[in-house]
Amino acid sequence: QVQLVESGGGLVQAGGSLRLSCAASGRTSSSDLMAWFRQAPGKERGFVIAISWSGRRIYYVDSVKGRFTISRDNAKNTVYLQMNSLKPEDTAVYYCATGPYNSDYRNEGTYDYWGQGTQVTVSS
């Protein structure tokens with residue numbers, strides 16, 4: 001079992017920045033791939049960005065390219081999501097997820113463990 005706890009969400013004005021953290025505990029040897037998904041009001045949860053254990057492989061959706069950065073500190077079992085130039089359309093609950101490395105990183109089924117989510121609200 002792996003437990004994931006997200007933090008760092010909040011309210012920010014458009015153009016601002018937030019940094020989310022996701023701390024993993026338990027059997028973190030299963031946390032090869034770590035990702036962030038988000039769910040906006042009235043929409044399905046969708047993939048945002050992911051990082052492999054080594055950090056060499058990073059995947060993201062086009063809508064966050066150049067604005068969001070993912071990183072991880074394996075010594076602390078923590079993954080970070082730095083979000084810059086935030087837009088109102090980034091408003092969502094952000095979920096951290098982890099699982100064995102899989103090329104199908106956009107698929108929720110790839111991930112075995114999920115955090116409880118943290119709210120990010122971007123005002124215009």
Side-chain angles (χ1 to χ4, degrees):
Q1 291 287 333
V2 176
Q3 295 78 41
L4 300 174
V5 178
E6 301 102 332
S7 61
L11 173 64
V12 65
Q13 288 188 334
S17 298
L18 279 176
R19 188 194 196 203
L20 305 184
S21 299
C22 174
S25 61
R27 285 187 57 189
T28 55
S29 59
S30 301
S31 303
D32 193 13
L33 188 63
M34 296 196 75
W36 291 92
F37 284 70
R38 66 186 178 186
Q39 185 169 21
K43 295 186 177 181
E44 293 187 353
R45 187 163 59 184
F47 171 79
V48 178
I49 195 166
I51 187 170
S52 65
W53 173 264
S54 66
R56 294 193 186 100
R57 293 185 174 91
I58 293 176
Y59 312 99
Y60 49 84
V61 293
D62 286 345
S63 60
V64 306
K65 183 179 181 180
R67 301 189 299 122
F68 289 14
T69 303
I70 190 171
S71 61
R72 64 189 295 170
D73 184 337
N74 292 332
K76 296 181 178 179
N77 293 319
T78 300
V79 65
Y80 304 97
L81 178 61
Q82 178 67 44
M83 304 185 293
N84 299 327
S85 301
L86 282 162
K87 304 175 181 180
E89 51 263 45
D90 294 317
T91 294
V93 177
Y94 283 70
Y95 297 89
C96 177
T98 190
Y101 182 81
N102 190 313
S103 59
D104 194 10
Y105 51 84
R106 293 174 179 262
N107 188 341
E108 288 193 20
T110 291
Y111 303 90
D112 298 322
Y113 303 101
W114 293 80
Q116 80 288 352
T118 186
Q119 177 70 48
V120 171
T121 303
V122 184
S123 63
S124 57

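Since we're looking at a predicted model, the values are computed, not measured.
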Do [X] and [Y] meet the cation-pi criteria used here (NZ or CZ under 6.0 Å from the six-membered ring centre, within 45° of the axis)?
X: Arg57; Y: Tyr101; result: yes
X: Arg19; Y: Tyr80; result: yes
X: Arg38; Y: Tyr95; result: no

Would a hydrophobic clustering, with Ile, Leu, Val, Met, Phe, Trp and Tyr connected at side-chain separations under 4.5 Å, put Ile58 with Val48? yes
Do we see a donor-acceptor contact under 3.5 Å between the side chains of Asp73 and Thr78? no
When you check the side-chain N and O atoms of Thr121 and Gln119, is any donor under 3.5 Å from an acceptor? yes
[atom1] of [X] to [atom2] of [Y]: how many Å apart, nearest 0.5 Å?
X: Leu4; Y: Tyr113; atom1: CG; atom2: OH; value: 9.5 Å
X: Ser17; Y: Gln82; atom1: OG; atom2: CD; value: 5.5 Å
X: Ser25; Y: Asn77; atom1: OG; atom2: CG; value: 8.5 Å
X: Asn102; Y: Ser52; atom1: CG; atom2: OG; value: 13.0 Å
X: Ile49; Y: Thr69; atom1: CD1; atom2: OG1; value: 6.5 Å
X: Lys87; Y: Ser63; atom1: NZ; atom2: OG; value: 8.0 Å

Tyr59: which of Tyr105, Phe68, Trp36 passes ring pair (Phe, Tyr, Trp, His ring centres under 6.0 Å): Tyr105
Is a donor on one side and an acceptor on the other found under 3.5 Å between the side chain of [X] and the backbone of [Y]?
X: Gln39; Y: Val93; answer: no
X: Asp112; Y: Thr98; answer: no
X: Asn107; Y: Asp104; answer: no
X: Glu6; Y: Cys96; answer: yes

How far apart are the closest heavy atoms of [X] and [Y], and which atoms are they?
X: Ala50; Y: Tyr111; result: CB-OH, 4.0 Å
X: Pro88; Y: Ser124; result: CG-CB, 3.8 Å
X: Val79; Y: Ile70; result: CG2-CG1, 3.7 Å

Are [X] and [Y] packed together at the side-chain level, in the sense that at least one heavy-atom pair is separated by less than 4.5 angstrom?
X: Arg45; Y: Tyr94; value: no
X: Thr91; Y: Val120; value: no
X: Met83; Y: Arg67; value: no

Residues passing the side-chain contact (heavy atoms from CB on, under 4.5 Å) test with Arg106, sequence neighbours excluded, are Phe47, Val61
